[in-house]
Structure formats: structure tokens, C-alpha cells
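Note sheet for the following structure.
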Protein chains: 2
Amino acid sequence: MLNRAEQKLATRRKLIDAALRLGAERGFGAVSLREVAKEAEITPTAFYRHFHDMEELSLALVDELGLSLRQLLRDARKNFDGSGSAVRVSVESFVRYVSENPNLFRLLQGERQGASSAFRKALFAEIGRFVEEMTDDLDRISIALKQPLRNPSLAAETIVAVAFTMGGEAIEMPRHRRPELVERIIQAVKIILRGSLLPVSNRKRKTP
Amino acid sequence: MLNRAEQKLATRRKLIDAALRLGAERGFGAVSLREVAKEAEITPTAFYRHFHDMEELSLALVDELGLSLRQLLRDARKNFDGSGSAVRVSVESFVRYVSENPNLFRLLQGERQGASSAFRKALFAEIGRFVEEMTDDLDRISIALKQPLRNPSLAAETIVAVAFTMGGEAIEMPRHRRPELVERIIQAVKIILRGSLLPVSNRKRKTP
DNA sequence: TTCTACAGTATACATGTGTGCACTGAAAAA
DNA sequence: TTTTTCAGTGCACACATGTATACTGTAGAA
């Protein structure tokens, strides 16, 4: 069986999952402590054994989100075996991630505006980390392909903005139409990468 | 003085403004009917003379948003006198819009996820209209400049996604740092436009 | 085996919530 | 002038909310 610490952790998980489920539908600010407790099958007062208020729970959700985003990056890199299109593989990983973690993703996109200040700060920190990692990837790729980019960090930020925005649509879309969405995101990302390329100097072109 | 119909309209405005103010901070789902009524300085029961519930109020907010977005487009076009950079003028108009209508903009960006289904539907319809108008503008400009674009509607969608995402940061940013943000958005938009340009065929380049 | 720490329960209370009902007073219609 | 209309009020209700206080049962330390 589970020992005491494990049991406590399990209940904590239940609370986090409950908050995620309820918050994704209505927006996190509209979820009450009592609702979360009920959804997690504990009494309202037992809630305080885990979090001192809803605000603290929300910060735990952001941690959860950060973790999952790093997992996403790892998956995307793993799935890219060197052959094929890195963009396609990444976008596919991303849309799969959104499909499999709709509640976390809703948190990410929905609470940028609207939540408490501490919450927003934590959220933007996670998004910032994600953009940084993507910047590193872009740097590496552009060096490997000898296709230098003007402003890799702006390119990364732009790609993330577009992917996150368009990715949000995936959640409410019937599954069979998601491949179309994947194609559109891929096209958008390619537009951004193409627009970020430094022009190849004419000299090189003219003397093959 | 105000006649009866005007008075009623004035109170309706107060309700809408109140809802916008409160909803922008906490997320719309977290705002109660009673709060809105109090903020608008009427009794809770008088609320029902204007809207049959909070959901209906929220749809009025979306109308408000649509109106303001069309106003934004008109302003941006008006401010562009033909000289200078159309991108710069548009982005400046946009960031000014966000600065002057922070609550409407929060509604736009914050409630895509999380609100009721009818609300989201209305919201996306407005965003869709905005993207369409921008597509038309891009078409016109690219024809005027004889620089055809691959996929104007995808370009427009991408530009809107990026501008709306980055524009959201303007609200919480101290005023004096907004010019930097404007520059970053301008760069991002230019990246997208550049990436959307059809390659100039080599033939034309080689025979001037 | 006894004792203690502590996750979870039960009960209670003040306050907030949506909404029904009967009302008022003044603008507008008759 | 009299009557009607109707935005806004006051009160009342059943129910939800956050949280304080006292409790219980059991895992794990002594």
C-alpha cells in the first residue's frame, strides 16, 4: 500500500488535476476552493493541508505546465531523427501535445490576461524559458545548415506566438480536421523562417 | 435633459463598462451579476431590465469589441497617408489602440479559452472578420507594389496572431518602454511579410 | 506497546450569490 | 388631466462560498 507521504502526494495530484479540469472550462478565476475540493473528493477544509489558498494552487499548476513544456521540447527533439523536415516533426509534436494536454494548454493561453499578478509572472517566466530553448534550437539549426538568421530570438518568439495561438484552435476542432491545422501551422512557421533568413549575397549565387 | 430611452441606454453603457473593468482584472467568468450592478450603481434586480443574464451581457461586450476593432482598422488606414512605412503606421495605431482600450483588448485575448461556447464563437467571428480585412489590405498593397504574396490570408492570420500576442504585453508595460515593443512588433511583421513574398524570378533580375 | 503527528472530517458562521415578488415615481401616451 | 409604461428599488429566499474550531483514526516514531 501507499505510505503516508505518498498518500498525501496522491491527494495533491487529485487537487491539481481537479483544478486543471474545472479551470480549463470556465477560466481559473471562476473556480472555487469548494468545487476543487469536491472534484478531488476531499472536504473543503482538508484543502488547507495542501495549499494555503487557491492562489498557491494556481502556482503549482504553472509548475506543472513548465514541466510539460520541457517534456514537449524533449519529445520534439527525440522525434527528429535528422531526416525529414524538422519543422514538420516539431509542429506535429506540438499539436499532439496540445491534443493530449488540453487543460494545461488552456491554462497557458487563457490565463495570460486575467489571472493574478504572481500567476501571470510565473506563467510568462515559463513561456520565456520555452522561447529561449527554441532560440537555441534555431541557432543550432541555422549554423548546421549554414543559413544564418537575422534575429533568432525574435524569430523564436514569433513562431511561439503563432503556434500557441493557432494551436489553441486544435482543442475545439474535431480530430479529423487537425491535420489541416498542422499544415497551416507548418506553412506559417516556414514563412517566419524564410523571412528571417539573411539574404544570400549575390556574389555567391552568381559564381557556382 | 435625457429622455427615457437615452437614460436607459446610458445605464446599459454603465453596465458594459463596469463588466469590462471587472472582467479585465479577474477574467470575465469570475465576475458576478451583483458586482457588475454595484459597479454600475444600480440594484442587482435592475440588471434584468437590460440583460437577461451575464451571458447576454458578455455578448454585448463582444459587439463592443468588434466595433472597436473596425475603428482601429479605419484609424490605421487614415493615419497612413501613402508616404512612409505602412507597417510602422499600422503597428503604431495598433499599440495605441491596445493602450487606450486595455479592457477590451484583455477581453479579446483572455477569453478565447475559458468563456462560454456562444461567447467564444462570437469572439472568433470578430477576430475572423479582422483577419479578413487585413487580408484585403495585404492583397491591395502587394498588387500596388507589384510584390505578390504566396498566401495573403495565412500571412494576415500570422500577423494578427503575433501582433495580438505581443500587443498583450503592452498593457502591463510601463508607458516609456512601449516604443521598444512597437519596434519588435514591426520587425516581426516585416519578417512575416518578407517570408510571404514570392521569390522574384531570376530571369527578371538578370535582364535589367 | 504506547505516543504523537497529521491528513482528513464534521459543524458552524458570516458573507456573497442569483432571482422572484411587490413596490414606486416619473416620463410619455391617452 | 388622467392613465399607462417601465427603469429602478427593497425585501426575501435558498443556496454557495471561505474559513475557524474541534474532532478522529491511523501510520509511523518512541
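Bear in mind the structure is a predicted one, so any value in this text is a computation, not a measurement. In what follows, chains carry the letters A, B, and so on, assigned in the order in which the sequence lines appear, proteins first and then strands, with residues in each chain numbered from 1. No hydrogens, no waters, no symmetry mates; every other heavy atom, side chains included, goes into these values.
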Subject >> Arg70(B)/Glu126(B) salt bridge by N-O under 4.0 Å criterion >> reply: yes
Rounded to 10°, the helix from dT1(C)-dA30(D) to dA30(C)-dT1(D) deviates from straight, judged by its five-pair end axes, by 10°
Residues 25-40 of chain A vs side chain to side chain donor-acceptor pair (under 3.5 Å), sequence neighbours excluded, gives Arg21(A)-Glu39(A), Arg26(A)-Glu35(A), Ser32(A)-Glu35(A)
Arg140(A) meets the salt bridge (Lys or Arg N to Asp or Glu O under 4.0 Å) criterion, sequence neighbours left out, with Asp137(A)
Query raised in the report: Hey, are the side chains of Met54(A) and Phe28(A) touching, using non-hydrogen atoms and a 4.5 Å cut-off?
Result: yes
Residues at least two apart in sequence or cross-chain that pass ring pair (Phe, Tyr, Trp, His ring centres under 6.0 Å) with Phe130(A), listed by chain then number, are Phe164(A)
Review point. Strictly by modelled atom types, are Gln7(B) and Arg4(B) linked by a side-chain donor-acceptor pair under 3.5 Å?
Key: no
Here the distance between atom C1' of dA27(D) and atom NZ of Lys8(A), to the nearest Å, is 14 Å
Atom CD of Glu39(A) and atom P of dT17(D) are separated, to the nearest Å, by 13 Å
Query raised in the report: Side-chain N or O of Thr11(B) less than 4.0 angstrom from OP1 or OP2 on dG8(D)?
Result: yes
Lys38(A) NZ to dA16(D) P, in whole Å, measures 7 Å
*Close side-chain approach of Ser99(B) and Arg175(B), heavy atoms under 4.5 Å*: yes
- Evaluate the side-chain proximity of Val182(A) to Phe94(A): yes if any heavy-atom separation is below 4.5 Å, no if none is. no
From CG of Leu9(A) across to C1' of dA27(D) the rounded distance in Å is 16 Å
For Arg178(A), is there an ion pair with Glu169(A) - N to carboxylate O distance below 4.0 angstrom?
no
Rounded to whole Å, CD of Glu41(A) lies from P of dT9(C) at a distance of 10 Å
Donor-acceptor contacts, no H, no angles, side chain residues 13-20 of chain B, under 3.5 Å, sequence neighbours left out:
| from | atom 1 | to | atom 2 | distance (Å) |
| --- | --- | --- | --- | --- |
| Arg13(B) | NH1 | Glu64(B) | OE2 | 3.3 |
| Arg13(B) | NH2 | Asp17(B) | OD1 | 2.9 |
| Arg13(B) | NH2 | Glu64(B) | OE2 | 2.8 |

Residue pairs passing the salt bridge (charged side-chain N to carboxylate O under 4.0 Å, His left out) test with at least one member in residues 102-119 of chain A, sequence neighbours excluded, are none
In numerical order, the residues of residues 47-57 of chain A whose heavy atoms come under 4.0 Å of DNA chain C are Arg49(A), His50(A)
| task | State, yes or no, whether a side-chain contact exists between Leu138(A) and Leu193(A) at a heavy-atom distance under 4.5 Å. | result | yes
Between the protein and nucleotides 28-30 of chain C, list every N/O to N/O distance that falls short of 3.5 Å.
| from | atom 1 | to | atom 2 | distance (Å) |
| --- | --- | --- | --- | --- |
| dA28(C) | OP1 | Arg4(B) | N | 3.0 |

Side-chain donor-acceptor distances from residues 156-163 of chain B under 3.5 Å, at least two apart:
| from | atom 1 | to | atom 2 | distance (Å) |
| --- | --- | --- | --- | --- |
| Glu157(B) | OE1 | Arg184(A) | NH1 | 2.5 |
| Glu157(B) | OE2 | Arg184(A) | NH1 | 2.9 |
| Thr158(B) | OG1 | Leu154(B) | O | 2.7 |

| In terms of side-chain geometry, is the basic nitrogen of Arg96(A) or Glu92(A) positioned less than 4.0 Å from the acidic oxygen of its partner? | no
Per the under-4.0 Å heavy-atom filter, residues of residues 12-29 of chain A near DNA chain D come out as none
Restricting both atoms to N or O, compile the protein contacts to nucleotides 14-17 of chain C shorter than 3.5 Å, with distance only.
| from | atom 1 | to | atom 2 | distance (Å) |
| --- | --- | --- | --- | --- |
| dT17(C) | OP1 | Ser32(B) | OG | 2.9 |

Side chain to side chain donor-acceptor pair (under 3.5 Å) pairs touching residues 41-56 of chain B, sequence neighbours excluded, are Glu55(B)-Ser116(B)
What one should report as the nearest heavy-atom pair of Ala155(A) and Ile192(A) is O-CG2, 4.0 Å
